[in-house]
A.B. asks: 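One structure, pasted below without further comment.
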Amino acid sequence: MDKKDLFVAEDEDVSESPALEEYQDTNEGVMEEEDDDPIILTMPVVHGSLPHRSSQSLHVLQYTSRPKSRPFDQERLRSSIKPGSKVVEMKVPMDTSRFYDEARAEELGTKVATSNLQGVLTETDGGLYVGQIVEKDGNLQMVLLPVDSTAQLKPLFKHIDELEAARTAHSKQEVSTLDPTKQNAVHVLQTAAKASNQLLSEGTYGGLGSCLKHIKKFDEETWLTLSWKATSDPATQDILGSLQSPSQDAVDATTTFDDFA
């Protein structure tokens, strides 16, 4: 294209511009492509909720190393939570017949049969839902359920930490028995630690002090045992049934167009 064709005079008819014709041809091609992908099905979207919302909540637990093809339906899991710290923990049975190091188990002094998974519940603050397409009266509908929080579960090697803690305690006991003067060194370190904690409590190191407070709160909080129900359990089936068939009473919309401005 010549440089003079890039601009038009003020009195020239734009409709005769070759660039406009090229744009129109391209636009028509896009419209034809969109027509090749028509809408084949529409369904209503229903906003559901838990049967007893005041005492029930919905949380999504993510474990990236566990594929969907291996659900926990046939396994007996142990789960617990610290509500104040919002930490959830699960004990998952391990398959010791594959990729299991027997020599390492003998070194640890015990055979590890479960894997500990732990994560922190992060509140969604609304706007996050799980959806499921269900059939009701011969028609399909999308049911959306609000999620209270999510947590990414990661492996926690507690058995190794407990073994190291036991070894450390045993070493300290042997040292104190052989050389009583070592007790004075331990006492000095404890005194220094107390002085450091006092500085933290006075706000000298606010960030670190806040972190230590959270750790102290976590350590002092008691684990609460949760009851784990498999998908095939009758109680689970009752809840799933109520979630998949929510009430379809009319909902008054309070959102206005000005809210999106």
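Note that these values count all heavy atoms, side chains included, but never hydrogens, waters or copies made by symmetry. As the structure is a prediction and not an experimental result, all values here were calculated from the model. This chain uses plain numbering: 1 for the first residue, then up along the sequence.
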A.B. asks: What's the shortest heavy-atom distance between Ser242 and Ile239, and which atoms?
C.D. replies: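 Heavy-atom minimum between the residues: OG-O, 2.7 Å.
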
A.B. asks: So do the side chains of Leu156 and Ser115 get within less than 4.5 Å of each other, counting heavy atoms only?
C.D. replies: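 No, every pair of side-chain atoms sits at 4.5 Å or beyond.
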
A.B. asks: So, for Gln56 and Pro51, which heavy atoms are closest and what is the spacing to 0.1 Å?
C.D. replies: OE1-CD, 3.2 Å

A.B. asks: Within a strict 4.5 Å, meaning less than it, do heavy atoms of the Leu224 and Pro83 side chains meet?
C.D. replies: yes

A.B. asks: Measuring from atom CG of Leu117 to atom NZ of Lys154, what distance do you get when rounded to the nearest 0.5 angstrom?
C.D. replies: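 So the gap between those two atoms works out to 12.0 Å.
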
A.B. asks: Which heavy atom of Gly48 sits nearest to which heavy atom of Leu145, and what is that distance?
C.D. replies: C-CD2, 3.5 Å

A.B. asks: Quick check: closest heavy atoms across Ala151 and Val88, and the distance to 0.1 Å?
C.D. replies: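 Answer, listing the atom of Ala151 first, then Val88: CB-CG1, 4.4 Å.
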
A.B. asks: Tell me whether Leu140 shares a hydrophobic cluster with Val143, the cluster being built from Ile, Leu, Val, Met, Phe, Trp, Tyr side chains joined at under 4.5 Å.
C.D. replies: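 No.
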
A.B. asks: Do you know the tightest heavy-atom contact between Gln62 and Gln152?
C.D. replies: OE1-CG, 3.3 Å

A.B. asks: Side-chain contact test, heavy atoms from C-beta onward, threshold under 4.5 Å: evaluate it for His59 versus Thr150 and give yes or no.
C.D. replies: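 The answer is no; the side chains never approach within 4.5 Å.
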
A.B. asks: Pick one: which of Lys82, Arg78, Gln118 meets side-chain hydrogen bond (donor to acceptor under 3.5 Å, both in side chains) with Glu89?
C.D. replies: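 Looking at Lys82, Arg78, Gln118, the match for Glu89 under the side-chain hydrogen bond (donor to acceptor under 3.5 Å, both in side chains) is Gln118.
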
A.B. asks: Please determine whether residues Val134 and Val45 belong to a single hydrophobic cluster, defined as Ile, Leu, Val, Met, Phe, Trp and Tyr linked transitively by side-chain heavy-atom distances below 4.5 Å.
C.D. replies: no

A.B. asks: To the nearest 0.5 angstrom, please state how far the NZ atom of Lys136 sits from the CE atom of Met43.
C.D. replies: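 CE of Met43 is found 15.0 Å from NZ of Lys136.
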
A.B. asks: Going from CG on Leu128 to OG on Ser149, what distance comes out if it is rounded to the nearest 0.5 angstrom?
C.D. replies: 10.0 Å

A.B. asks: Working to the nearest 0.5 angstrom, can you tell me the gap between Ser57 OG and Asp148 CG?
C.D. replies: 5.0 Å

A.B. asks: Quick one: do Met142 and Ile40 end up in the same hydrophobic cluster if we chain Ile, Leu, Val, Met, Phe, Trp and Tyr together by side-chain heavy atoms under 4.5 Å apart?
C.D. replies: yes

A.B. asks: Could you give all pairs that pass the ring pair (Phe, Tyr, Trp, His ring centres under 6.0 Å) test and reach residues 112-144, with sequence neighbours left out?
C.D. replies: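 Matches after skipping sequence neighbours: His47-Tyr129.
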
A.B. asks: Nearest 0.5 Å, what's the NZ-OG distance between Lys217 and Ser85?
C.D. replies: 5.5 Å

A.B. asks: Is there a donor-acceptor contact under 3.5 Å from the side chain of Asp259 to the main chain of Thr256?
C.D. replies: yes

A.B. asks: Compare all side-chain heavy atoms of Leu121 with those of Val87 and state whether any distance is below 4.5 angstrom.
C.D. replies: no

A.B. asks: Can you find a heavy atom in the side chain of Leu144 that is under 4.5 Å from one in the side chain of Val46?
C.D. replies: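 A side-chain contact under 4.5 Å is absent here.
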
A.B. asks: Rounded to the nearest 0.5 Å, how far apart are CH2 of Trp223 and OG of Ser79?
C.D. replies: 10.5 Å

A.B. asks: Hey, which of Leu153, Thr114, Asn116 is the one that makes side-chain contact (heavy atoms from CB on, under 4.5 Å) with Met90?
C.D. replies: Leu153

A.B. asks: Give a yes or no on whether Leu41 atom CG has more than 12 heavy-atom contacts from other residues, nucleotides or ligands under 6.0 Å away.
C.D. replies: yes

A.B. asks: Would you kindly confirm whether Leu240 and Val60 end up in one hydrophobic cluster when ILVMFWY residues are joined by side chain heavy atoms under 4.5 Å apart?
C.D. replies: no

A.B. asks: I'd like to know if the side chain of Asp137 and the backbone of Asn139 have a donor-acceptor N/O pair within less than 3.5 Å.
C.D. replies: no

A.B. asks: How about Thr231 and Gln237: do any of their side-chain heavy atoms sit closer than 4.5 Å?
C.D. replies: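 In short, these two side chains touch, coming nearer than 4.5 Å.
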
A.B. asks: Listing request: all ring pair (Phe, Tyr, Trp, His ring centres under 6.0 Å) pairs with a residue in residues 107-127, at least two apart in sequence or in separate chains.
C.D. replies: none

A.B. asks: Is Leu58 reachable from Leu243 through a run of I, L, V, M, F, W or Y residues, each pair having side-chain heavy atoms under 4.5 Å apart?
C.D. replies: yes

A.B. asks: Under 4.5 Å between any side-chain heavy atoms of Lys86 and Glu123, yes or no?
C.D. replies: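 A side-chain contact under 4.5 Å exists here.
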
